[in-house]
Amino acid sequence: MSTHTTPRTGVLRPIGTTAVWLFVSFCLFAFLFMLISSVKSSSEILNTPWSLPAAPDFGNWSRAWVDSGFGAAATNTLVLVVTASVVVVGVSAPAAYALSRRRGGLSAGLTMFFALGLGIPLQIIVLPLYSVLAEFGLIDSLFGLFLVYVATHLPFTVFLLTGFFRSLPNELEEAAALDGVSASGTFFRIMLPLAQGGLVTALLLNAIGLWNETLLGLMFIQSNENYTLSLALIGFIQQQQYNGADYGALFAGVSITILPMLLLYLWLGRRITEGLTAGLGK
Amino acid sequence: MALTLDQRSASRRESRRPAGPRPVRGGQSPLARRQRRIFGPFLAIPLALYLVLFIGPTLYSIYAAFTNWDGINTPTWRGTDNFTALFDDPLFIESFWNTLLILVVVGIGIFVLAFSFMLLLRDMKGKGFVRGVIFLPHIVSPIVLAIFWGFLLRHDGLLNALIVKFGGEPVAWIGPDSAFLMIMIAMVWISTGFYVAILMAGVDRIPGYFYEDASLAGASAWQKLRHITLPLSWDVIGVAAVLWTISSVKVFEFIYAFGASQGQMPPAYEWNAAVFVYGVTFGGATPQYRFGYACASALVMLLLVTGMVALLRRAMRRDAVQF
């Protein structure tokens with residue numbers, strides 16, 4: 001990268017660079033604070049919020065995991081996230097492939113039609129969705145929430161994967177056709193393995209989005225045993241205001257919620273940022 | 001019409017790959033016919049799910065906006081009563097206003113910060129690290145960030161602890177006059193990293209020799225920004241603006257978790273349109289279940305988003321620069 005690509009008007013640059021590093025430090029501090037506070041006692045968190053704990057106390061974690069239901073919530077979340085993101089990618093991939101390979105008005109129209117869903121705020125659909133689910137007795141049911149998750153993440157996944165399949169060359173399908181492989185056989189045996197990168201990105205982005213999802217859960221889940229992690233956190237905050245605060249356990253719950261995402265990000269960070277910004281930079 | 005489109009795209013394909021025999025006649029190649037056969041089966045399930053659980057509810061919501069629907073009983077038609085009531089409702093006006101503040105003021109804040117960061121990061125040491133760290137808030141639950149933000153700003157929180165330590169007086173950060181400002185600052189903090197990543201993905205595609213040529217021609221840094229970086233990242237900036245418009249209206253979790261206490265809704269001065277929908281239906285200790293009314297407010301917001309996106313696309317439209 002060339003060294004003279006940026007305006008450099010004397011003092012602006014050092015000030016800017018300092019601002020960038022301050023911003024970075026603040027982000028790092030926020031996450032360190034939450035993780036460290038998860039092994040501090042409540043009084044330490046309140047009285048010496050800036051200090052390290054005298055001795056790390058993992059009792060917070062077991063109280064959060066067992067007594068406050070974060071363990072059960074983590075299990076619910078994990079099951080929901082895995083099933084919903086696998087299913088949404090599973091049903092979107094064939095659709096995206098079909099849309100990317102057929103030319104003409106119908107295909108272009110349907111692609112647009114799916115993309116439309118990206119622009120519709122969830123607030124528009126949640127209330128009618130509530131009565132549809134109520135009709136089938138699927139309120140306060142993890143299966144109901146699973147269906148809603150799949151439906152609400154379809155537009156994004158179809159959009160992402162259509163762009164991805166478009167970038168794959170046609171020649172292989174022509175060769176497969178000459179060899180007498182059926183169209184669906186071509187998709188399942190040739191194109192899917194080729195599309196692995198795009199599918200993994202789609203899975204990853206859906207998993208992150210669903211892990212952190214709150215609004216739909218808040219609307220469609222009522223009882224504690226069906227809570228996801230976000231709901232358990234909200235429930236915990238609201239309960240504490242009655243019972244006096246166990247901030248240690250709160251931050252243990254917070255850490256249970258963020259650690260899997262942080263580890264995923266450390267592991268596959270480039271893929272996540274590139275996936276989220278894919279196609280936008282072009 | 002469909003046929004001409006087919007022909008056009010088929011001939012475009014032809015011109016892209018001139019080698020080899022290609023039995024294409026108006027999109028009716030054997031391959032195209034094969035693709036056509038799987039089209040229906042491959043699209044059936046997602047299309048059905050999308051229609052029943054997404055498009056159907058959207059249409060019903062638009063209808064319900066003109067009724068007194070409560071979620072249980074059959075809705076009766078109210079004409080535009082919901083809408084006149086909305087604009088007489090101080091709570092909605094406040095929510096609407098706050099939504100606009102997030103859209104415009106926070107949007108400008110994010111843009112200024114993200115664009116400056118992008119310029120600085122282009123030739124800064126550790127740019128990968130910086131980019132990675134400031135993206136972090138985007139991948140965790142807004143609930144968690146709201147808890148942290150509350151701890152930072154509460155009366156006995158982190159910031160005041162620091163102020164007291166240095167001999168100052170604790171400041172009431174979360175009061176009726178300042179709470180929403182604090183929410184807006186948090187929004188800038190959370191989203192900047194994401195938009196930096198988007199802008200950089202666009203700007204990284206600008207070939208370095210453009211800048212080298214410009215330097216040889218004696219262009220100043222400002223001229224390079226004005227004549228290279230800005231025009232060539234214009235499309236990305238437009239996409240980012242549309243993206244922010246859409247996502248700013250959806251902001252809910254952070255405000256709800258930041259302000260709600262003891263099963264109550266957040267105080268009215270913190271509401272935005274998304275919180276309003278929840279507040280007049282399920283939210284609070286005594287839920288109101290005013291579904292029709294909430295649908296009307298959501299429809300107003302949908303129209304706002306549509307209008308803003310149309311406006312942005314018009315304002316950002318330039319002749320595309322190919323490079």
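Hydrogens, waters and symmetry mates play no part in the numbers below; they use all other heavy atoms, side chains included. Letters A, B, ... mirror the listed sequences (proteins, then strands); counts begin at 1.
Rounded to the nearest 0.5 Å, atoms NE2 (H138(B)) and CG (N212(A)) are 9.5 Å apart. One finds the CG atom of L299(B) at 5.5 Å from the CD1 atom of I124(A) (value rounded to the nearest 0.5 Å). Put simply, CD1 on I38(B) and CZ on R101(A) are 9.5 Å apart, with the number rounded to the nearest 0.5 Å.
Heavy-atom distances place no part of F276(B) under 4.5 Å from chain A, backbone and side chain included. For I72(B), no part lies near chain A; criterion is any non-hydrogen pair under 4.5 Å. Neither the backbone nor the side chain of I62(B) comes within less than 4.5 Å of any heavy atom in chain A. Looking at V144(B), both its backbone and its side chain come within 4.5 Å of chain A, counting heavy atoms on both sides. Looking at L304(B), there are no atoms closer than 4.5 Å to chain A (heavy atoms on both sides), in backbone or side chain. Only the side chain of F282(B) comes within less than 4.5 Å of a heavy atom of chain A; its backbone N, CA, C and O stay farther away. Neither the backbone nor the side chain of A64(B) has a heavy atom closer than 4.5 Å to any heavy atom of chain A. Of the two parts of L158(B), the backbone and the side chain both hold a non-hydrogen atom closer than 4.5 Å to a non-hydrogen atom of chain A. Residue L59(B) does not touch chain A at all, counting heavy-atom pairs closer than 4.5 Å. Looking at I147(B), only its side chain comes within 4.5 Å of chain A, counting heavy atoms on both sides. In this structure, the portion of I45(B) lying under 4.5 Å from any heavy atom of chain A is its side chain and not its backbone.
Taking 4.5 Å as the limit, some side-chain heavy atom of V133(B) sits within range of a side-chain heavy atom of C27(A). Residues F23(A) and V130(B) have side chains not in contact (no heavy-atom distance under 4.5 Å, counting atoms from C-beta outward). You'll find the side chain of T257(A) stays beyond 4.5 Å of the side chain of V140(B), heavy atoms only. At a threshold of 4.5 Å between non-hydrogen side-chain atoms, the residues L110(A) and Y50(B) do not count as touching.
Using cut-offs of 30° and 60° for the angle between ring planes, the F33(A) and F151(B) rings count as tilted. Note on ring orientation: taking the six-membered ring where Trp is involved, the planes of F148(B) and F29(A) are perpendicular (angle over 60°, cut-offs 30° and 60°).
Heavy-atom pairs under 4.5 Å with chain A peak, among L162(B), T192(B), T306(B), L121(B), at L162(B).
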Side chains of residues 147-157 of chain A: which donor-acceptor pairs under 3.5 Å do they make with residues two or more places apart or in other chains?
unit_1	atom_1	unit_2	atom_2	d
Y149(A)	OH	E213(A)	OE1	2.8
T152(A)	OG1	V148(A)	O	2.8
T152(A)	OG1	Y149(A)	O	3.2
H153(A)	ND1	Y149(A)	O	3.0
T157(A)	OG1	H153(A)	O	2.6
T157(A)	OG1	N206(A)	ND2	3.1

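Remark: side-chain polar atoms of Q123(A) are paired, donor with acceptor, to backbone N or O of V249(B) under 3.5 angstrom.
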